[in-house]
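Residue numbering restarts at 1 for every chain, and letters A, B, ... go by the order of the sequence lines.
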Amino acid sequence: MENVTEKPSLDFLRAKIVEDLKVNKNEGKVVTRFPPEPNGYLHIGHAKSICLNFGIARDFNGRCHLRFDDTNPAKEDVEYVDSIMEDVKWLGFDWGNHLYYASDYYDALCNYAIELIKKGKAYVCELTSDEMRDYRGTLTEIGKESPHRNRPAEENLDLFIRMKNGEFEEGTKVLRAKIDMSSPNVHMRDPVIYRIKKAHHHRTGDKWCIYPMYDFAHCFSDSIEGITHSICTLEFEIHRPLYDWFLDELNVACHPQQIEFARLNINYTVMSKRKLLQLVKENHVKNWDDPRMPTISGMRRRGYTPEAIRAFCDKVGVAKRENVIDLSLLEFCVREDLNKTAPRVMAVLNPLKLIIDNYPDDLVEELDAVNNPEDLSAGTRKVPFSKVLYIEKDDFKEVAPKKYFRLTPGQEVRLRYAYIIKCESFVKDTSGEITEVHCTYDSSTRGGNPPEGKKIKGTIHWVAEKSALDVEVRLYDRLFSKENPDDVEEGKTFLDYMNPNSLEILSDCKAEPGLKNVKALEHFQFERLGYFTVDKDSNYDRIIFNRTVALKDTWAKIESSGNN
RNA sequence: UGCCCGGUGGUGUAACGGUAGCACAAGUGCCUCUGGAGCAUUUUGUCGAGGUUCAAAUCCUUGCCGGGCAGCCA
């Protein structure tokens, strides 16, 4: 009780920023940036970075830039630029007018390179890439210096300008920083900073035929934008000395601080753009927005909400230790959000006909159903009820296992919001499959209220046959059946661990008629089943739902533990 | 074999020299017109060895384990 006013503990990044603010570093400003390369779609790992960078800016009254790190025209495309902007916005973040491209800085970057050359800190090297690899040395042996390393500055300048003018072929020359070929950090062994690429750039067109490398472009882009904290993932930690070297050599006014954190991993999926691209290109999934993909667009289509994703990113925390998050945490986050917001509705995925023998043949009653018990302001709706209904196949068993509360001969259940019924008999076809269940109802239990003193343990959902809507439902499961698909055995690839049952299409589902006019991305809870969203391929004639996540299923747990 | 980073329950993440806490997962019970939701409750942890200290998850030494780095990718 005495600790209620205690502040929640900060992650190490925010703690660092608090320290910086205390000593008035950067005049108290906090400026971050999210710097995607437009060479693929954003995934949930990027969401963590987005939430971090935009979240920090929000928490410290700073700002966060969206900057496309577009320094490799061979791999980049406007399609990706567009999708990235859409996804960041959808996640709920706003970069205001701080939208930038590294390509905006090509002139400035080129001038920085020239300055470096003039200072004698960069040189044009004509080694082939194979030779350069050779000269670089290994992790345990130091490198040796390029024969071009000690060219006079004027010659370097001339050569570099001619590179820029397109006088040389790709691969024949590069500009390198002159640092230290004996550094234990291979990134400091005279890294390439400019290479010739006669490629069309999605923004600068054919203006350039030399493009800066990441290490050179990134630190200066940060500096130009006045970034205070340049937050990136762990694999760039070893690049930090280089980041600092460039900024120190040219003595720029703004020297941001690079801080690294551990990227997000989730089990049963992959999180590398290369692998996601491969899944798309080789048609292992339908597209980047396939609902099984961990992409933002895929998760959106699957029915995840921005609120759920943000909550997830918040809960996973930030640290420097490698981590693998349980998929169950993600599922918890969507359920938690959708439970509060998704209207409840009844739908039957695997229909079984149920006939109430003592119910009038042509009567249709409109029964009241609560739209969301977690939010009474969502109101109620009318659901039509009549003699012939559909129920879930699973909700009837000829021979009931122990603790089975649903329909079985002689047992009573409640039809949600309708009546108490009793199972009298059932019909099997020649193959032994149950085709009809016959029940009687108690007309005094209208609305589902049992007589005084009587308890009904089981409640099942239903859809009236007459007015039922035919819908398609797509069930999704984890894309991979192995916890860590990146951990491949000899002779296999991550593709060998794909879950063959990650998609199940149910085309004969029945839903209550109120769902006739749903729109793409609307969320619902199908009572007792899970959360579902309307797929974008859905239309008036063919309504398609994607299962976002199933409800927690205590019965399934009891059942499976009993089978063990 | 070089350099850099990390090791806290099953999974994440706090505690910044002073009671190892929180969330998810798992278990149990209560409640319920969703076997949903909710509520209550339990189990499980500081990588090892030394040292400093009244006191170490925290500081030091060392070992072990995990990750990263040798693109004209980012």
S.K.: How does protein contact run along nucleotides 34-41 of chain B, one letter per nucleotide 5' to 3', with B for base contact, S for sugar-phosphate only, - for none, heavy atoms under 4.0 Å?
M.R.: BBBS----
S.K.: Any idea how A:F524 and A:F545 line up, ring-wise: parallel (<30°), tilted (30 to 60°), or perpendicular (>60°)?
M.R.: perpendicular
S.K.: Determine whether a donor-acceptor pair (N or O, by modelled atom type, separation under 3.5 Å) exists between the side chain of A:N165 and the backbone of A:E167.
M.R.: no
S.K.: When the ring planes of A:F480 and A:F494 are compared, do they come out parallel, tilted or perpendicular, using 30° and 60° as the limits?
M.R.: tilted
S.K.: I'd like the P distance from B:G10 over to B:A26, given in whole Å.
M.R.: 15 Å
S.K.: Using the test ring-ring contact (aromatic ring centres under 6.0 Å, His included), find all partners of A:Y41 that sit at least two apart in sequence or belong to another chain.
M.R.: A:Y80, A:W288
S.K.: Look at the rings of A:F532 and A:F526 and say which category their plane angle falls in: under 30° parallel, 30 to 60° tilted, over 60° perpendicular.
M.R.: parallel
S.K.: According to ring pair (Phe, Tyr, Trp, His ring centres under 6.0 Å), does anything in residues 171-196 of chain A pair up with another residue at least two apart or in another chain? List the pairs.
M.R.: A:F160-A:Y194, A:H187-A:H239, A:Y194-A:F216
S.K.: Determine whether more than 12 heavy atoms belonging to other residues, nucleotides or ligands lie under 6.0 Å from atom NZ of A:K457.
M.R.: no
S.K.: For RNA chain B, which consecutive runs of 3 or more Watson-Crick or G-U pairs (each distance under 3.5 Å) count as stems?
M.R.: B:2-7 with B:64-69, B:10-13 with B:21-24, B:26-30 with B:38-42, B:47-51 with B:59-63
S.K.: Could you state the NZ-P distance from A:K315 to B:A14, rounded to the nearest angstrom?
M.R.: 15 Å
S.K.: How does protein contact run along nucleotides 65-74 of chain B, one letter per nucleotide 5' to 3', with B for base contact, S for sugar-phosphate only, - for none, heavy atoms under 4.0 Å?
M.R.: --SBBBSBSB
S.K.: Determine, for nucleotides 15-21 of chain B in 5'-to-3' order, which nucleotides have protein heavy atoms under 4.0 Å from the base (write B), from only the sugar-phosphate (write S), or from neither (write -).
M.R.: -------
S.K.: Less than 4.0 Å between a side-chain N and a carboxylate O, is that true for A:E225 and A:R67?
M.R.: yes
S.K.: Need to verify one output field. Residue with the more 5' nearest nucleotide on RNA chain B, A:N449 or A:R321?
M.R.: A:R321
S.K.: Is it true that A:K454 and A:E412 make a salt bridge, defined as a side-chain N closer than 4.0 Å to a carboxylate O?
M.R.: yes
S.K.: Could you check whether atom NZ of A:K403 has more than 12 heavy atoms from other residues, nucleotides or ligands sitting under 6.0 Å from it?
M.R.: no
S.K.: Taking any heavy-atom pair under 4.0 Å as a contact, classify A:V318: base, sugar-phosphate, or nothing.
M.R.: sugar-phosphate
S.K.: I'd like to know if A:D314 and A:R310 make a salt bridge, using a cut-off of under 4.0 Å between side-chain N and carboxylate O.
M.R.: no
S.K.: Give a yes or no on whether a salt bridge exists between A:D70 and A:R203, defined as a side-chain N under 4.0 angstrom from a carboxylate O.
M.R.: no
S.K.: Charged N to carboxylate O below 4.0 Å: is that the case for A:D180 and A:R189?
M.R.: no
S.K.: Of the candidate nucleotides B:C24, B:G2, B:G6, which contains the atom at the shortest distance from the side chain of A:S328?
M.R.: B:C24
S.K.: When you match A:L330 and A:K48 each to their closest nucleotide on RNA chain B, which lands nearer the 5' end?
M.R.: A:K48
